[in-house]
Asks: 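First the structure, then my questions, so here it is.
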Amino acid sequence: MRRTIIAGNWKNNGLRADAVALATGIRTALDGDGGSGGVEVLVCPPFTAIASVESALAGSEIGIGGQNIFWKEKGAYTGQIAPSMLKDAGCAYVIIGHSEPRGRFGVPDPDFDAPILAYFGDGDETVNRKLKAALVAGLIPIICVGETLAERQAGHTDTVVESQTKAALVGIPAEQASGLIFAYEPVWAIGTGEVCESGEADRVCGVVRSAVGELYGPEAAESVRVQYGGSVKPDNAKELLGKPNIDGALVGGASLKAGDFVAIVAAAPERQ
Ligand code: PEP
């Protein structure tokens, strides 16, 4: 039995006061709604607000995650955040390989042309290094995979998702692969309001699971949790979360409103 996991990715939103207000709002709304009811819930604030959010959530069941990490523990790497720093700041989780730091935006701003996008440089190799570093540090990684619209239209969805999944896992031993968390996030559905049809989202989450199975066998495949992410909202969450291969949601825009985020948690099967 895989425990449903709902994560809020706040991205580049919020000064400390905003983040504390949002975290407090989620905590209060969740308590008022009967708690998380067996659902694993976490929020991923911007780095600068993690410590403040940690104080606001102290003693609650809501976990905290970083939105990214660097793979080196220390050294002359200006601007980078080591896994141990995230832990030290109060994070138990970290998002790795989100399509935005991979430079694959669902809705690129008009001025995000190719030279600018090149600065959002995660690729399969860095995702793999970050995953290894997160595991060494004892962080729980959420590994994101997903195809762009052009890749989907060209019929490459499964190949892209399978190859990103397998590339992330290079050199990861079986005992560490069991129980990992993935997020299938079709890039074209992120921040666009266009949600992947639930049957198709379920099928592609199954592609992630099968890729894990091909590397580590059926038990590992059954043990990994696969979230769906891409315009999850209160009104589509129940349908998505009811699918057998979808073990949770990675929520961007709707996680910035406490009421919407808690409504998504409430839509999880454990809460029904
Ligand atoms: C995300 O950024 O991971 C995401 C799924 O965003 P949104 O819910 O806004 O589409």
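When a ligand or atom number is given, it counts from 1 through the structure's own listing order. We use all heavy atoms of the structure for the numbers below, so side chains are in, but hydrogens, waters and symmetry mates are not.
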Asks: Considering the options Arg102, Lys130, His98, which one meets the side-chain hydrogen bond (donor to acceptor under 3.5 Å, both in side chains) requirement together with Asp122?
Replies: Lys130
Asks: Within less than 4.0 angstrom of ligand 1, does Cys144 place any heavy atom?
Replies: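 Cys144 does not count as a contact of ligand 1 under the 4.0 Å cut-off.
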Asks: Provide, to 0.1 Å, the distance between atom 1 (C) of ligand 1 and the closest protein heavy atom, together with that atom's residue and name.
Replies: His98 NE2, 3.2 Å
Asks: Using a strict 4.0 Å cut-off to heavy atoms of Asn9, name the atoms of ligand 1 that fall inside it.
Replies: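 Listed by number with element, the hits are 2 (O), 3 (O).
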Asks: When you compare ligand 1 with Lys233, is there at least one nitrogen or oxygen pair between them that comes in under 3.5 angstrom?
Replies: no
Asks: Would Thr192 count as a polar contact of ligand 1, with the cut-off being nitrogen or oxygen pairs under 3.5 Å?
Replies: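 Thr192 vs ligand 1: no N/O contact under 3.5 Å.
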Asks: So does Glu61 have more than 12 non-hydrogen atoms from other groups sitting under 6.0 Å from CD?
Replies: no
Asks: Measure the spacing between CG of Leu180 and CD1 of Ile142 and express it to the nearest 0.5 Å.
Replies: 11.0 Å
Asks: I'd like the name of whichever of Lys11, Gln67, Glu185, Gln227 reaches closest to atom 5 (C) of ligand 1 through any heavy atom.
Replies: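 Among Lys11, Gln67, Glu185, Gln227, the closest heavy atom to atom 5 (C) of ligand 1 comes from Glu185.
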Asks: Can you tell me if CD on Glu175 sees more than 12 non-hydrogen neighbours from other groups inside 6.0 Å?
Replies: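 It does: Glu175 CD has more than 12 such atoms within range.
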Asks: Go through ligand 1 atom by atom and flag the ones less than 4.0 Å from a non-hydrogen atom of Gly191.
Replies: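 Those qualifying, in numeric order: 7 (P), 9 (O), 10 (O).
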Asks: Return yes when Gly230 approaches ligand 1 closer than 4.0 angstrom through a heavy atom, no otherwise.
Replies: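 Gly230: in contact with ligand 1 (<4.0 Å).
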Asks: With ILVMFWY side chains joined below 4.5 Å, transitively, what does Trp71's cluster contain besides itself?
Replies: Phe70, Tyr77
Asks: Enumerate the atoms of ligand 1 whose separation from the nearest heavy atom of Ala189 is less than 4.0 angstrom.
Replies: 10 (O)
Asks: Where's the contact between Ser255 and ligand 1, heavy-atom distance under 4.0 Å: side chain, backbone, both or neither?
Replies: neither
Asks: Given side-chain contact (heavy atoms from CB on, under 4.5 Å), test Val226 with Asn245 step by step and report yes or no.
Replies: CA-CA 7 Å; Val226 188; Asn245 271 312; over 6 Å; no
Asks: Applying salt bridge (Lys or Arg N to Asp or Glu O under 4.0 Å), name anything that partners Asp158, two or more places apart in sequence or on another chain.
Replies: Arg203
Asks: Do the side chains of Glu147 and Arg104 get close enough for a salt bridge, i.e. N-O under 4.0 angstrom?
Replies: no
Asks: Can you establish whether the number of heavy atoms outside Asn12 located under 6.0 Å from its atom CG is more than 12?
Replies: no
Asks: If you count the atoms of ligand 1 from 1 in the order shown, which ones are under 4.0 Å from a heavy atom of Ile190?
Replies: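 Here the atoms of ligand 1 in question are 1 (C), 2 (O), 4 (C), 6 (O), 10 (O).
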Asks: When you look for heavy atoms under 4.0 Å from ligand 1, do you find them on the side chain of Leu250, its backbone, both, or neither?
Replies: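 Both of them.
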Asks: Quick one: nearest non-hydrogen protein atom to atom 8 (O) of ligand 1, plus distance?
Replies: Gly252 N, 2.8 Å
Asks: Can you figure out which of Gly253, Ala7, Cys44 has its heavy atom closest to atom 9 (O) of ligand 1?
Replies: Gly253
